[in-house]
Amino acid sequence: IDSYTKHEMVNTGTGQNIGLDLMVEKAFSQATFILLSGSIFDSKYTDASGREFSSIFDSGYAATAMGGKEWTTDKGNIWALSLRGIYNGGQRLTPLLPGVQVSRYSQNPALDEAAAFTEQVQDYMRADLRFSFRKNNPKSAWSIALDVQNVTNNKNIDPLNRNYDPDLNAWVYREQASLTPILSWQIDF
């Protein structure tokens with residue numbers, strides 16, 4: 001609901017994004033790689049009347065860590081293990097307009113535009129694990145992999161998938177996918 005406007009837009013106001021990014025990488029060598037990245041940032045905008053707000057993207061920080069290792073067998077086949085972790089500040093949302101009666105059948109309650117993007121859902125955290133095997137042949141190759149997404153089974157809120165509950169006069173959020181194993185097979189000619 002915060003993602004789509006219901007009002008006529010005008011091209012006034014300003015925006016400012018400031019921040020710091022840092023990345024450390026150990027390029028693929030000796031059959032391993034590591035990549036660490038992090039950002040801290042502030043994303044604000046000023047509306048046509050001069051009021052300053054956080055933007056929808058002002059989660060404050062984001063970090064990613066990835067690493068992996070490969071083992072080559074005597075026959076040239078490859079076993080691999082990799083891990084990826086993501087940690088981000090929660091997405092910002094506009095709160096409900098306080099004190100307004102909402103119809104029991106409405107899924108679009110009034111939002112407090114004077115407090116745009118002042119609410120923030122919980123931080124997002126996810127870790128993914130991958131095991132794979134690659135069989136190399138002279139004219140082709142095949143591989144099989146098991147990807148375990150959200151291996152820690154973290155309960156992340158989906159800020160874009162919510163419903164208004166008139167009995168609670170609040171948003172009810174759904175959770176994003178829990179632990180999800182994905183088995184894949186690929187052949188290359």
Side-chain angles (χ1 to χ4, degrees), residues 1-4 14-45 53-93 117-162 173-189:
I1 292 175
D2 283 332
S3 300
Y4 301 99
T14 61
Q16 178 176 323
N17 296 301
I18 58 172
L20 176 67
D21 293 324
L22 179 65
M23 182 167 46
V24 177
E25 177 182 13
K26 180 206 175 284
F28 193 77
S29 65
Q30 299 177 355
T32 62
F33 75 93
I34 297 172
L35 177 66
L36 304 171
S37 66
S39 301
I40 54 171
F41 50 88
D42 186 49
S43 178
K44 301 275 193 246
Y45 72 94
F53 298 95
S54 288
S55 78
I56 193 171
F57 306 106
D58 192 19
S59 63
Y61 47 87
T64 304
M66 298 187 317
K69 174 125 178 96
E70 291 184 350
W71 296 269
T72 304
T73 68
D74 295 340
K75 296 181 181 181
N77 302 318
I78 300 171
W79 289 94
L81 173 66
S82 60
L83 179 65
R84 174 181 65 182
I86 301 168
Y87 191 84
N88 295 333
Q91 183 173 330
R92 292 193 169 269
L93 303 169
F117 308 119
T118 55
E119 285 188 0
Q120 193 170 9
V121 298
Q122 72 184 31
D123 291 354
Y124 177 89
M125 185 183 82
R126 177 175 146 180
D128 300 333
L129 185 65
R130 179 181 174 93
F131 300 101
S132 64
F133 173 76
R134 181 174 175 87
K135 172 76 172 163
N136 292 313
N137 296 313
K139 294 183 180 180
S140 66
W142 61 266
S143 61
I144 189 166
L146 175 62
D147 291 292
V148 184
Q149 297 179 354
N150 195 6
V151 71
T152 58
N153 201 27
N154 197 52
K155 306 294 185 203
N156 290 306
I157 288 176
D158 185 350
L160 300 178
N161 195 358
R162 62 185 179 170
Y173 295 93
R174 293 197 176 115
E175 292 177 350
Q176 294 185 358
S178 58
L179 184 140
T180 308
I182 300 171
L183 185 62
S184 61
W185 183 73
Q186 176 179 325
I187 187 165
D188 299 317
F189 294 104

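Nothing fancy with the numbering, it's 1 onward along the sequence. For the numbers below, each heavy atom of this structure counts, side chains included, while hydrogens, waters and symmetry mates do not.
- Interatomic distance, Lys135 NZ to Ile144 CD1, rounded to the nearest 0.5 Å: 14.0 Å.
- Between Asn17 and Phe41 there is no side-chain heavy-atom pair separated by less than 4.5 Å.
- The shortest heavy-atom contact between Ala127 and Thr152 is CB-CG2, 4.2 Å.
- Closest approach of Asp123 and Gly90 over heavy atoms only: OD1-N, 3.3 Å.
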- request: List the steps, then state whether side chain to side chain contact (heavy atoms under 4.5 Å, CB included) holds for Ile86 with Asn88.
  value: CA-CA 7 Å; Ile86 301 168; Asn88 295 333; 3.7 Å; yes

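- Formation of a donor-acceptor pair under 3.5 Å by the Thr180 side chain with backbone atoms of Ser178 is found in this model.
- Using modelled atom types, one side-chain atom of Asp128 and one backbone atom of Asn150 make a donor-acceptor pair closer than 3.5 Å.
- Under the 4.5 Å side-chain criterion, counting only non-hydrogen atoms from C-beta, Asp58 is not in contact with Phe53.
- Gln186 places no side-chain N or O within 3.5 Å of a backbone atom of Ala145 that could act as its donor or acceptor partner.
- Note that the CG atom of Asn77 and the OG atom of Ser143 stand 11.0 Å from one another [nearest 0.5 Å].
- Remark: Glu70 CD to Trp79 CH2 distance equals 13.0 Å, nearest 0.5 Å.
- Within the 3.5 Å criterion, the main-chain N or O of Leu179 finds a donor-acceptor partner in the side chain of Asn153.
- Here the side chains of Trp71 and Phe133 are not in contact, with every heavy-atom distance at 4.5 Å or above.
- Between Ser59 and Gln120 there is a side-chain heavy-atom pair separated by less than 4.5 Å.
- When all heavy atoms are compared, the tightest approach of Tyr124 to Gln176 is CE1-OE1, 3.0 Å.
- Looking at heavy atoms from C-beta onward, Asp21 lies out of side-chain contact with Ser37 at the 4.5 angstrom threshold.
- No donor-acceptor pair under 3.5 Å is formed between the side chain of Arg174 and the backbone N or O of Asp158.
- Note that the OH atom of Tyr173 and the CG atom of Asn161 stand 11.5 Å from one another [nearest 0.5 Å].
- What you find for Lys69 and Gln30 is that their closest heavy atoms are NZ-O, 3.7 Å.
- How far CD of Gln149 is from CZ of Arg130: 10.5 Å, rounded to the nearest 0.5 Å.
- Side chains of Ile157 and Gln91 form no contact here, defined as non-hydrogen atoms less than 4.5 Å apart.
- Between Trp185 and Ile187 the shortest side-chain heavy-atom distance falls below 4.5 Å.
- Between atom CG of residue Leu160 and atom CG of residue Leu93 there is a gap of 8.0 Å, rounded to the nearest 0.5 Å.
- When atom types are taken as modelled, the side chain of Asp188 and the backbone of Ser140 share no donor-acceptor pair closer than 3.5 angstrom.
- A 4.5 Å side-chain heavy-atom check between Thr64 and Leu35 finds every atom pair outside the cut-off.
- Ion pairing of Arg84 with Asp147 is absent here, as no side-chain N (NZ or NE/NH1/NH2) approaches a carboxylate O to less than 4.0 Å.
- Annotation for Phe28: atom CZ counts as buried by contact number, over 12 foreign heavy atoms lying within 6.0 Å.
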